[in-house]
Structure formats: structure tokens, C-alpha cells
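Every number for a ligand or one of its atoms is a count from 1 in the order of the listing. We count residues from 1, following the sequence as given.
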Amino acid sequence: MPLPASVKPYSARQSLNRLLNSCFPVTPSPPKSAAQQAAIPLLDLSRQYSALRTDILAALERVCASQHFILGPEVEALEREVAGYCGAADAVGCASGTDALWLALLALGVQPGDTVITTAFSFFASASAIARIGARPVLLDVDPHSLNLDPAAVNSFLRPGKPRNLRALLPVHLYGQCADMDALARLAEEYELPILEDAAQAIGAAWRGQRAGTLGSVAAFSFYPTKNLSAYGDAGLVTTIDPALAAHMRRLRNHGSPRRYLHDEIGWNSRLDAMQAAILRVKLPHIESWNEQRRARAATYDRLFTQSGLTSATADAAVRILTTSPHAHHVYHQYVIRAQRRDALREFLAARSIGSEIYYPLPLHLQPAFAYLGYREGDLPESERAAKEVLALPMFPELTEAEQQWVVESVAEFYS
Ligand SMILES: Cc1ncc(COP(=O)(O)O)c(C=O)c1O
């Protein structure tokens, strides 16, 4: 007889388990905490939304009532507020972080045939924005402790002489920690190269107390929904210390147009819409406290991992924690460990519904799209090693200590 839809039939294994349990009762395992029972996602935006729902909906209503959907007062206000927050002279909203990089490169005068130095260990857009202009990314290796662009690698590249067509230095503030801006700024000055910060993961981060977005000539931010400051769709922004660059980028994001139906040069449609700007304006006043909560969660992970005994200082430790520079104010867009048997650990965590992610499983110099650059496996060993070892663990301001304990206990159990 068919079972009612609400009743799930037992599988053969479940029936066998029930039979065995009734014949040979097992000592009950200690009760699971709430965090152990529930899934722990890598990022849970719904917790943020429930706190901000009323304000977000009011902001959307404000835009709908204005019927002004593209650029306009919301975008201008956001630009002023983000520039003020970062301490930049100006900011230009655009369609995505990828476009922010592209606008910044164009404003710096990068042209087809030029070259730009960046890191091999980042999201694809850090290098593809260079390639999109027809310029050539020079991909260099990372410092194994921070996984940011290694100034020593930049120095070795430049020491024999600056290539004639080299136009800019594009460090990425990976995972929310600024690259070594002392060393990179020294090199930029010596070789007369402007710095474009890829600050997509680093709003609120700082180097020696100075915020990302003001550490070079120009900086690109992403407000992709997973970022520390996130929109409800794609959105990006460029900050700059140079008002002339800002004016140029404002034209470029709107078809190179200084005024309606006049086009001085070929730009593109990379306009930011008012809905995204209005949502970002609701969230921006919270970014400091959210970043502080991320920093506190990171300190908790560091402590729990140290207590677990997994993170000895030796290179063969099961888990290694990335290093934070004493000069960096890290905002932990991601909390990333280097783990032995990383892929098996990830599967183990997934079986417990603990989210994790690999940023990034393939370094940029080995991406098929960049095969034409001619790099080979082995060329950038630190980036290649990192790609095999890194694992991002759940990290967001609302993550609870009980959840973090369960994550670290689970990692410890995997290695036990
Ligand atoms: C380092 C880095 N650069 C650039 C980007 C591109 O930003 P978007 O996804 O908004 O285009 C991202 C975002 O994913 C990123 O993490």
C-alpha cells in the first residue's frame, strides 16, 4: 500500500540501523549544540538583511518615488560618502569592480601594447581588466605569508631596467589586507609608476592608518553581494586622490560623454544605478562596526586554532594561519587558512554542512585565457602552492562563537 506523502519510507540502511540499535544499544553521544546541528554557510547575508530590512525597503521606496533610476542624486551622494569615508578626493560609481579597474586603467593612460604589473594570485578581473584594454598583464609572485604581491618579486622584475611600455603597478589587497604599501610605494616612486589599488576586497582596510582607496593614485572597489560592503546586484566604484582623473572616469563610464550626445572619446556604459546606490548608502554607516566584528571573529579563529594545537609554527603543520602585517588594518573579507589535504578537509566540512571556498584554485598565470602570455607551471611557485592549500572558512559579522567553535572542532576532528 502506498505511504501517505508526508511519511518518508525508511531506507534499508535505516531499518538495519534501527534493528541493531534495539539489540545493541549504544552509549548516546553528548547532545549536539545548536551550532553543531545547523548548517554554517560561508556567508549568511540573510542575518544582515533581517537587521536592515526596514531601512533598505525605505531606501528602495525613496528611489521608486523619485523615478530617477540611473546615476543622479543617490549615486552622487554615495560617491561623496565613500570618498569621505576613505579620505579620497573624489569617487566615481560604476557598474562593477571589474569596470572600476578598467576605468582606472584608462584614466591612468594605459593603452593597447602597454604593460601593467599585478599579482598572479587574485580574482581573474585583476588581470583581465588590463587585457581588456589590449595591454599585457605582467603577473608576479606573492609573499607566502600574506599572499599579497611580493615587493621582492616586483623589485627583481624592475631591477634590470624598467620596460619602456610599463605603465602602472596594480597590487591587490587580498582577503581584506593591504599589500605591503611601504615597499610598493618606494618602488613606484623609484620607477615613476602610478599605483592602482585593487581594493575590491578591502573597503575600510588601512595601511599605517591610511585607508585603502588613498594609497595610490586611484583605487577600484567592488560591491558585489558577497563583499564587506555589498549591493543587491553588481556595483563598483573608483576612488582617486586626483580630481582630474575622477572627471575623466565620470565621462568614460558614460560613453565618453561630457554632455548629452557629445562624445569626446569612446567610453562605455558603466553607470551605477540609483537602487544599488541607495542600498549601499544604508549599509555604509555600518561598515566600521561590521569590519570590527569581522576582525573579532578572525581573532577568535586564531585563538581557537592555536588552542587546538593544529597550527604549530613548522611548515608541516596541518593548518597554517596567514600573517597580518603590524602596519595593516585587516578587514577580513575572508578568513583563509592554508591546510594540508585541503580538498579532503573541504569535503569533510561540507558533509557537516560547513561552508568553505577556495580563493583561488588556479593562479592567473595558469588560466587558459592567459595562455598567450606564455607562463608555465613552476614559474610562480608561491602562487601555485597557495592555490593548492588555501581554504576560506565561514566569515561574516553575525557569525557566532559557537559556530566558530564547531568549525574549528570539525577541522581538528578531520586531522585527528
Ligand atoms: C580582487 C578582486 N578584483 C576585482 C573584482 C571584480 O569585482 P566585480 O565582481 O564587482 O566585477 C573582485 C570581485 O570579485 C575581486 O575580488
Using a 3.5 Å cut-off and no angle test, enumerate the donor-acceptor pairs between side-chain atoms of residues 55-65 and protein atoms at least two apart in sequence or in another chain.
unit_1, atom_1, unit_2, atom_2, d
R62, NE, E74, OE2, 2.7
R62, NH2, E74, OE1, 3.1
R62, NH2, E74, OE2, 3.2

Ligand-residue contact atoms, ligand 1 with V172, heavy atoms, under 4.0 Å
1 (C)
Ligand 1 atoms nearer than 4.0 angstrom to some heavy atom of G97 are 6 (C), 7 (O), 8 (P), 10 (O), 11 (O)
So does L262 have more than 12 non-hydrogen atoms from other groups sitting under 6.0 Å from CG?
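Yes - once you tally the heavy atoms of other residues, nucleotides and ligands closer than 6.0 Å, there are more than 12.
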Going by distance alone, is a donor N or O of one side chain under 3.5 Å from an acceptor N or O of the other, for R136 and T115?
no
Among all protein heavy atoms in this structure, tell me which lies nearest to [atom], with the distance rounded to 0.1 Å.
atom: atom 3 (N) of ligand 1; answer: D198 OD2, 2.8 Å
atom: atom 11 (O) of ligand 1; answer: T98 OG1, 2.4 Å
atom: atom 15 (C) of ligand 1; answer: A200 CB, 3.5 Å

Look at atom 9 (O) of ligand 1 and find which of S222, A129, A100, A125 reaches it with the closest heavy atom.
S222
Tell me the closest heavy-atom pair linking S410 and R352, and the distance in Å.
OG-NH1, 3.0 Å
Test of proximity, [X] against ligand 1: N or O pairs below 3.5 Å:
X: F123; value: no
X: Y224; value: no
X: S122; value: no
X: Q201; value: yes

Under the criterion side chain to side chain donor-acceptor pair (under 3.5 Å), which of R271, H263, R260 is the partner of N254?
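The side chain to side chain donor-acceptor pair (under 3.5 Å) with N254 is passed solely by R271 among R271, H263, R260.
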With sequence neighbours left out, the residues meeting ring pair (Phe, Tyr, Trp, His ring centres under 6.0 Å) with F370 are F124
I'd like to know if R211 and E288 make a salt bridge, using a cut-off of under 4.0 Å between side-chain N and carboxylate O.
yes
Answer with yes or no whether K227 contacts ligand 1, where contact means a heavy atom under 4.0 Å from a ligand atom.
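It does; at least one heavy atom falls under 4.0 Å.
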Any atom of ligand 1 sitting under 4.0 Å from a heavy atom of G236?
no
Pi-cation contact, Y332 with R297 (under 6.0 Å, within 45°)
no
